[in-house]
Amino acid sequence: MRYAMVVDTRKCVGCSDCVVACQTENNVPHGYCRDWIVEVVDGSYPNVEIELRSERCNHCDNSPCVRCCPTGASHIIDGGVVVVTANKCIGCGACIQSCPYDARYSHPEGYVDKCTFCHHRLEKGQHPACVEVCPTKCLYFGDLDDPNSDVSKALRNRKWKTLAPEAGTKPQIYFLT
Amino acid sequence: MKEELFISGRDIPFIDPYLNIWHWQIPVYLFLGGLAAGIMFFAGLFTIIGKEKEMETTVKWATFLVPVALVLGLFALFLDLKHQLYFWRLYTTVRLESPMSWGAWTLMFITPLSFIWVATYIKEAIPNWKWKISLVENLEVIATKYRIHMAWAMMMLAIVLGVYTGILLSAFNARPLWNTSILGPLFLVSGLSTGLATIMWMSKSHYERSVLSKIDIALIGVELFLITHLFMGFLASSAVQIEAAQLFLGGEFTASFWVFVVILGLIFPATLEILELRGYKIPVWIPAFLILLGGLAFRFIMVEAGQITRFLY
Ligand code: SF4
Ligand code: SF4
């Protein structure tokens, strides 16, 4: 099993519902977030193109954050989900330095925190909160190893990209372009 | 053309607008680690080649600073941790892939070793010194017998420690300024040089100082060569590394790096050392102080600048 997320940049309107849904679902402290919206404006008026992306931890296949963690607090669970065990984390910040996407932050309580793909929801057979709440249904979630999953189908039918693949991290969040 | 990039909904402390999660503690830790490695390396080396008599400060007196530097360095690292109560977790696993982990373990071995080394010389330093416990007395006798073995271990571990202070940074591929394998040797050589500067500052023997300063001039030469190499490598690399180099070639770290690290921290003290060897009277503390300051500045600048560099997307 290999969980992945697909973001349709053509459907996303940048409403930030996913951001708020995550903050609520995961009790993210005020002023912090595990997912965020990036808006890229290309060109100049009148030929302007806008790309909107809902971004989060890429749950990389080759995850430098897991490699550099001195205690094993950062680790990979079923489905390739990268998570942090708070009471093993010493807050050294090595994983924050190692993430090319700045997807991690230091929780005010000291440990490092980030997107978990809502694995507490996955265990119950539900989708991550951001996926559930998106009003334009631009987020897809599922198992890449299953050819009939939403993500596999979306990637088969559309052009896509990943972020900074040159960082060598094999990111698992895909963006339909 | 990419015109503008907005990240909305994000203003996370220490992460946005650019990463700033490591503060003064890490460069201080790297500096003290490198300095300790330098002193230990030369204490080991001159013991092994049988120069304890001629190089007394190197082999004996300067090593008294090593445990102090290591303990202070570890304390700085501890201060940097944000989940300090769980510090002990560092020592419940060995993770070879993580420089932070094997560095912590290296320190776990090298720190006690430095204490034992110093203990075997304490009676020479303080003639009336008495161990209160007879067990310690006996241990000291045993340790003194194995000094040459300890010297070998110290020399090896010093190299590991010195290289580690660079690899701690170079292992992060996400920070283009750090992500070069030259950083390991560069930090090692710089650490050795700061160690030498400290010993020279302490030494009263003219012979010892001249031996050390010859080595130091060579090390500074190597350092300048590695720094040149570092920038050549960056400029011949990908966009992100060219951008990283630009921080030092016209960007915001240009003046601080070239003035404090390269000129005042390397070229000028090396010139003073050469003049001293030629017979000019130059107070030893001047080049020593400049080398130490340059080494500290180098680590501050590298840690700070590296966190700004990132992958573009
Ligand atoms: S996006 Fe960053 S935090 Fe997430 S798995 Fe990749 S490297 Fe680790
Ligand atoms: S901050 Fe925590 S999770 Fe990150 S590398 Fe250090 S110990 Fe591991």
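Order of the sequence lines fixes the chain letters, A, B, ..., with proteins taken first and strands second; residue numbering starts at 1 for each chain.
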**Student:** Sort by residue number and list every member of residues 59-80 of chain A having a non-hydrogen atom under 4.5 Å from chain B.
**Tutor:** A:Val66, A:Arg67, A:Cys68, A:Cys69, A:Pro70, A:Thr71, A:Gly72
**Student:** By a 4.5 Å heavy-atom criterion (distance strictly below it), what part of A:Glu109 contacts chain B: side chain, backbone, both, or neither?
**Tutor:**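 Backbone of A:Glu109 only, per the 4.5 Å heavy-atom cut-off to chain B.
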**Student:** With heavy-atom distances below 4.5 Å as the criterion, would you say the side chains of A:Gln97 and B:Trp22 are in contact?
**Tutor:**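 Contact flag for A:Gln97/B:Trp22 side chains = yes.
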**Student:** Could you tell me whether B:Tyr91 atom OH has more than 12 heavy atoms of other residues or ligands within 6.0 Å of it?
**Tutor:**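 Counting neighbours around OH of B:Tyr91, more than 12 heavy atoms of other residues, nucleotides or ligands fall under 6.0 Å, so yes.
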**Student:** Counting only heavy atoms not in A:Lys11, do more than 12 sit closer than 6.0 Å to its NZ atom?
**Tutor:** yes
**Student:** What option among B:Thr93, B:Leu96, B:Val240 has the most heavy-atom pairs under 4.5 Å with chain A?
**Tutor:** B:Thr93
**Student:** Between A:Ile90 and B:Tyr86, what is the shortest heavy-atom contact and its length?
**Tutor:**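 Residues A:Ile90 and B:Tyr86, closest heavy atoms: CG2-O, 3.0 Å.
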**Student:** Side chain from CB out, backbone as N, CA, C, O: work out which of these in B:Asp80 comes under 4.5 Å of a heavy atom of chain A, or both, or neither.
**Tutor:**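 Both the backbone and the side chain of B:Asp80 come within 4.5 Å of chain A.
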**Student:** Are there more than 12 heavy atoms of other residues, nucleotides or ligands under 6.0 Å from atom CZ of B:Phe300?
**Tutor:** yes
**Student:** How far apart are the closest heavy atoms of B:Ile21 and A:Ile96, and which atoms are they?
**Tutor:** CD1-CD1, 3.8 Å
**Student:** Nearest 0.5 angstrom please: B:Arg10 CZ to A:Arg34 CZ, how far?
**Tutor:** 13.5 Å
**Student:** Does A:Arg158 CZ have over 12 foreign heavy atoms under 6.0 Å away?
**Tutor:**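 Correct, the count exceeds 12.
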**Student:** If you measure from SG on A:Cys99 to CZ on B:Phe172, what distance do you get to the nearest 0.5 Å?
**Tutor:**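 Spacing of SG (A:Cys99) from CZ (B:Phe172) equals 11.5 Å.
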**Student:** Side chain, backbone, both or neither: which part of B:Trp105 has a heavy atom under 4.5 Å from chain A?
**Tutor:** neither
**Student:** For chain B, find which of A:Gly31, A:Cys89, A:Gly168, A:Ser106 contributes the most heavy-atom pairs closer than 4.5 angstrom.
**Tutor:**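 Result: the option with the highest number of such pairs is A:Cys89.
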**Student:** Let me know if B:Phe87 has heavy atoms under 4.5 Å from chain A in its side chain, its backbone, both or neither.
**Tutor:** backbone
**Student:** Look up atom CD in B:Gln84 and atom SG in A:Cys92, then write down how far apart they are to the nearest 0.5 Å.
**Tutor:** 12.5 Å
**Student:** Atom CD1 in B:Ile15, atom CZ in A:Arg104: separation rounded to 0.5 Å?
**Tutor:**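 One finds 10.5 Å between CD1 of B:Ile15 and CZ of A:Arg104.
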**Student:** Within this structure, what is the OH-CG distance for the pair A:Tyr105 and B:Asp16, rounded to the nearest 0.5 Å?
**Tutor:**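 Going from OH on A:Tyr105 over to CG on B:Asp16, the span is 12.0 Å.
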**Student:** Is there a side-chain contact (heavy atoms from CB on, under 4.5 Å) between A:Tyr111 and B:Lys82 once you walk through the steps?
**Tutor:** CA-CA 7 Å; A:Tyr111 56 87; B:Lys82 303 216 163 37; over 6 Å; no
**Student:** When you check the gap from the basic side-chain N to the acidic O, do A:Asp102 and B:Arg175 get nearer than 4.0 Å?
**Tutor:** yes
**Student:** Heavy-atom pairs under 4.5 Å with chain A: which of B:Ala104, B:Pro99, B:Pro13 has the most?
**Tutor:**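 Going by pairs under 4.5 Å, I would pick B:Pro13.
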**Student:** Which atom names give the shortest non-hydrogen contact between A:Ala164 and B:Phe311, and what distance separates them?
**Tutor:** CB-CB, 4.3 Å
**Student:** Main chain of A:Ser98, side chain of B:Asn173: is a donor-acceptor contact present, judged purely on distance under 3.5 Å?
**Tutor:** no
